[in-house]
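Sequential numbering from 1 along the given sequence is applied to the chain's residues.
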Amino acid sequence: MKQFTPKAFFKLLLKGMPDLPGLCAIALVIFSISGLSGQNMDVVNAIRELKEGYLVVRMPSSRAKIDTLTQMVNRSKGPDDKQKLQKMLQEATEERDSLIA
């Protein structure tokens, strides 16, 4: 039995393959179709939940940002830095509270 060298194997493999742009187009279509089906399931599920009488809304949380800014204010040494961080903390807190109200 005749053995193939790696170079001959790849040459034979590439000989039967379509050109690279065609292959990329096929891959793009396949990945697009698979991505759309996942999105449709979420939409269908959301409509079903809405018809059943409940809707879950995810609100952005600023907890990590507020906690980090609080720690930074507590560790700051200079008055200018402390004022700047306190202002950023106040803005983050106001933004969070405006989404809740």
Side-chain angles (χ1 to χ4, degrees):
M1 180 161 192
K2 187 177 179 183
Q3 288 186 340
F4 283 111
T5 63
K7 185 176 181 181
F9 176 74
F10 285 114
K11 200 181 253 189
L12 182 65
L13 184 67
L14 291 175
K15 190 175 186 182
M17 289 181 65
D19 60 332
L20 188 60
L23 188 61
C24 289
I26 291 170
L28 182 64
V29 168
I30 290 171
F31 290 129
S32 297
I33 290 171
S34 66
L36 290 176
S37 66
Q39 290 178 349
N40 289 340
M41 294 305 292
D42 290 339
V43 171
V44 170
N45 204 12
I47 292 173
R48 184 180 318 124
E49 289 175 356
L50 186 58
K51 285 181 180 179
E52 290 175 1
Y54 61 93
L55 177 65
V56 177
V57 178
R58 293 186 66 193
M59 301 293 287
S61 172
S62 303
R63 182 178 180 186
K65 182 178 181 180
I66 291 172
D67 289 345
T68 303
L69 285 170
T70 303
Q71 291 174 1
M72 290 175 72
V73 166
N74 293 337
R75 281 185 270 165
S76 65
K77 295 181 179 171
D80 294 335
D81 291 337
K82 193 168 194 157
Q83 282 182 341
K84 186 186 295 184
L85 289 169
Q86 283 177 336
K87 182 179 178 187
M88 290 172 65
L89 176 62
Q90 182 180 0
E91 289 172 356
T93 306
E94 288 173 357
E95 181 181 350
R96 180 203 58 196
D97 293 344
S98 70
L99 291 173
I100 294 172

Partners of Glu94 by side chain to side chain contact (heavy atoms under 4.5 Å, CB included), sequence neighbours excluded?
Gln90
Keeping to residues at least two apart or across chains, list the salt bridge (Lys or Arg N to Asp or Glu O under 4.0 Å) pairs with something in residues 77-91.
none
Atom pairs and distances, side-chain donor-acceptor, residues 63-76, under 3.5 Å, sequence neighbours left out:
{"unit_1": "Thr68", "atom_1": "OG1", "unit_2": "Ala64", "atom_2": "O", "d": "2.8"}
{"unit_1": "Thr70", "atom_1": "OG1", "unit_2": "Ile66", "atom_2": "O", "d": "2.7"}
{"unit_1": "Asn74", "atom_1": "ND2", "unit_2": "Thr70", "atom_2": "O", "d": "3.3"}
{"unit_1": "Arg75", "atom_1": "NE", "unit_2": "Gln71", "atom_2": "O", "d": "3.4"}
{"unit_1": "Ser76", "atom_1": "OG", "unit_2": "Val73", "atom_2": "O", "d": "2.9"}

